[in-house]
Amino acid sequence: MTVRLPPAVRDEIEGLYATYVDLLDEGALEAWPALFSEKAVYRIVSRENVERGWPLATMSCESRAALEDRIYSIRHTSLYVPRSLRHLVGRLRISPRDEGFGVEASYAVFETLPDQLPRVFSTGRYRDRLERADDGVLRFAEKLCIYDSTLIPNSLIVPL
Amino acid sequence: MSGLASGGPLAGVSGDRRWPAAGVSRVPYWVYTDPEIYRREQQRIFCGPSWSYVGLEAELPEPGSFKRTAIGEVSVIVVRDSEGVVRVLRNRCAHRGLQVCREPHGRRKSFQCPYHQWTYRLDGRLAGVPFARGVGGHGGMPADFDKRAHGLEPLRVASRGGVVFASFDPAVEPLEQFLGPKMVGWFDRVFDGRALRILGASRQRIPANWKLMFENIRDPYHASLLHVFLVTFGLFRADNPSRTEMDRSGRHSALISTRGGDRQPTAATTEMASFKRDLELRDPRLLDIVKEFPDTATVVMQTIWPNLIVQQQANTLATRQIVPRGPEVFDLHWTFFGYADDSDEMTERRLRHANLMGPSGLVSIDDSEVMDLAQRGVRMSPDREALVEMGGRGIEDADHIVTETAIRAFYAHYRGVMDL
């Protein structure tokens with residue numbers, strides 16, 4: 001089913017995803033939680049857990065504050081080999097909801113570790129819900145990243 | 001000079017190996033890289049007289065439920081048969097050796113090889129061989145072909161507290177004897193007979209030798225230094241009451257620690273370069289911990305030879321299964337669980353605390369990354385050795401964390417099994 005969206009709205013939503021990717025890939029992690037509403041839920045889950053009805057998330061943040069804690073930890077408490085990431089998001093499938101929008105899209109994340117060639121780090125599906133806050137800004141109210149593989153290549157540090 | 005050969009990092013390193021004369025206070029780096037050592041480990045450790053973890057009974061809720069897993073590199077099927085008995089079968093057709101089970105999990109009435117459709121019952125018995133009696137009087141199996149002799153190879157199975165173990169060795173000692181009384185005690189603390197509820201699976205591929213995972217858990221010295229997150233929030237600190245216990249053989253261990261109530265800097269934290277006193281969580285629900293076990297311990301990490309770690313940290317419970325995939329890589333399979341009688345609030349808490357652990361764990365990221373770095377280091381000089389003298393050179397239990405005794409004990413047992 002094709003839903004006709006005003007082009008300005010599609011532009012706005014695509015802009016949100018472009019910003020999302022840029023902040024993660026270009027190292028501005030501290031600015032990333034601001035794309036989420038205060039009570040937003042962010043989860044990275046394996047497709048297997050989804051299919052088996054198991055609630056475990058590989059990463060689970062139940063508020064913008066929890067996202068900020070995660071970013072703080074990435075910056076200041078975790079030890080890891082430095083790496084660069086590249087997120088690619090496929091075409092957005094947008095469905096208007098009573099309040100906001102549902103958005104689904106495929107994603108691929110490539111990872112480059114020092115002295116190594118880039119590799120596919122994760123592929124999967126975003127299943128998101130956007131809402132417009134009182135300030136008029138469109139943000140993620142819910143973001144679910146469902147990854148295809150059963151295995152994660154070593155460590156998942158930066159959000160998908 | 002390092003032992004790096006011109007033909008590549010591992011060329012020419014097989015052959016007779018001799019453990020350093022200093023004993024288990026040294027660990028030669030070739031144990032992490034040598035393909036010949038790895039091959040011997042597969043035979044003597046994983047296919048030898050030991051009980052390997054294969055899963056939780058709660059993963060097999062009804063007759064026909066199965067999962068595919070591995071002991072060492074050997075693929076096995078764990079299945080609840082039509083009588084409800086949990087069986088563990090080698091995943092190999094008796095005919096041409098194909099894996100008869102390809103799906104990672106599911107529910108089945110039988111297993112069928114895709115090649116010639118040999119069919120096996122859930123208990124492994126061979127049920128059907130197409131054209132066994134020939135077609136139109138031609139061919140078929142010899143008259144003395146006995147289906148009973150050609151089932152899927154069954155392993156010995158033992159189950160305790162809902163945890164399933166299997167062994168390739170028919171002469172393996174009973175599980176409780178294998179664990180020893182002290183380790184049975186720590187095991188039963190978590191697996192106390194209550195039905196378990198699976199919360200989910202998480203799996204990662206770590207570019208390091210499998211033994212480094214055990215050494216990591218058996219090394220409380222690192223936990224107070226590397227894990228800034230743990231230390232900062234007092235989940236694990238050098239000045240917390242902690243101890244290391246082992247079974248008589250040293251092959252199993254438990255690291256037991258109690259969280260301190262005080263987050264003030266002490267003489268111990270001043271030696272941690274990265275101690276961050278001012279860190280406060282913006283969403284404190286992450287560490288909303290409730291006491292749930294009768295003792296005072298807040299973290300118990302148990303290692304069970306040769307492939308299991310039982311984790312209790314805060315209110316997150318998990319098994320971690322080690323699956324070696326070569327000398328320099330292993331997969332770590334985490335199964336997070338709670339109890340069937342947990343309140344919804346407790347389940348939420350366990351799921352939230354799971355952020356500490358797994359491939360994206362606020363604590364365990366440090367470990368998977370450090371194992372990668374350790375492997376990169378040892379790969380370049382297989383003829384050098386690790387220095388393991390913290391807390392002395394012995395292998396006895398310790399009532400503090402400034403020790404590597406459990407690593408030494410691991411290798412004392414390992415040397416015996418491996419004849420090194």
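We name chains A, B, ... by the order of the sequence lines, and we start the count at 1 in each one.
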Among residues 151-160 of chain A, those lying within the under-4.5 Å heavy-atom range of chain B are A:Leu151, A:Ile152, A:Pro153, A:Asn154, A:Ser155, A:Leu156, A:Ile157
CD/A:Glu99: more than 12 non-hydrogen atoms of other groups inside 6.0 Å = no
In this structure, OG of A:Ser63 is separated from CZ of B:Arg285 (nearest 0.5 Å) by 5.0 Å
| query | In this structure, are over 12 heavy atoms from other groups packed under 6.0 Å from A:Asp135 atom CG? | reply | yes
Taking the side chain as everything from C-beta on, heavy atoms only, tell me whether A:Leu79 gets closer than 4.5 Å to B:Val370. yes
Value for OG1 (A:Thr77) from CG (B:Asp366), rounded to nearest 0.5 Å, stands at 7.0 Å
Given side chain to side chain contact (heavy atoms under 4.5 Å, CB included), test B:Arg203 with A:Ser149 step by step and report yes or no.
-> CA-CA 9 Å; B:Arg203 303 194 182 96; A:Ser149 61; over 6 Å; no
Those residues of residues 340-352 of chain B that come under 4.5 Å of chain A on a heavy-atom basis, listed by number, are B:Glu348, B:Leu351, B:Arg352
Honestly, the part of B:Phe229 sitting under 4.5 Å from a heavy atom of chain A is both
Mark yes when over 12 heavy atoms from residues, nucleotides or ligands other than B:Tyr221 sit less than 6.0 Å from its OH; otherwise mark no.
-> no
Residues 34-62 of chain A vs chain B, non-hydrogen distance cutoff under 4.5 Å, contacting residues -> A:Ser46, A:Glu48, A:Asn49, A:Arg52, A:Trp54, A:Pro55, A:Leu56, A:Thr58, A:Met59, A:Ser60, A:Glu62
For A:Val81 and B:Asp372 the tightest heavy-atom approach is CG2-OD2, 4.4 Å
Give a yes or no on whether A:Arg119 atom CZ has more than 12 heavy-atom contacts from other residues, nucleotides or ligands under 6.0 Å away.
yes
When the 4.5 angstrom heavy-atom criterion is applied to B:Leu373 and chain A, the contacting part is side chain
Taking B:Asp283 for the side chain and A:Ala65 for the main chain, is one N or O donor matched with an acceptor at less than 3.5 Å? no
Q: Ignoring hydrogens and angles, tell me if any N or O in the side chain of A:Asp69 forms a donor-acceptor pair with the backbone of B:Leu281 under 3.5 Å.
A: no
A:Arg70 meets the salt bridge (Lys or Arg N to Asp or Glu O under 4.0 Å) criterion, sequence neighbours left out, with none
Using a 6.0 Å cut-off, check whether atom CZ of B:Arg282 has over 12 heavy atoms from anything other than its own residue. no
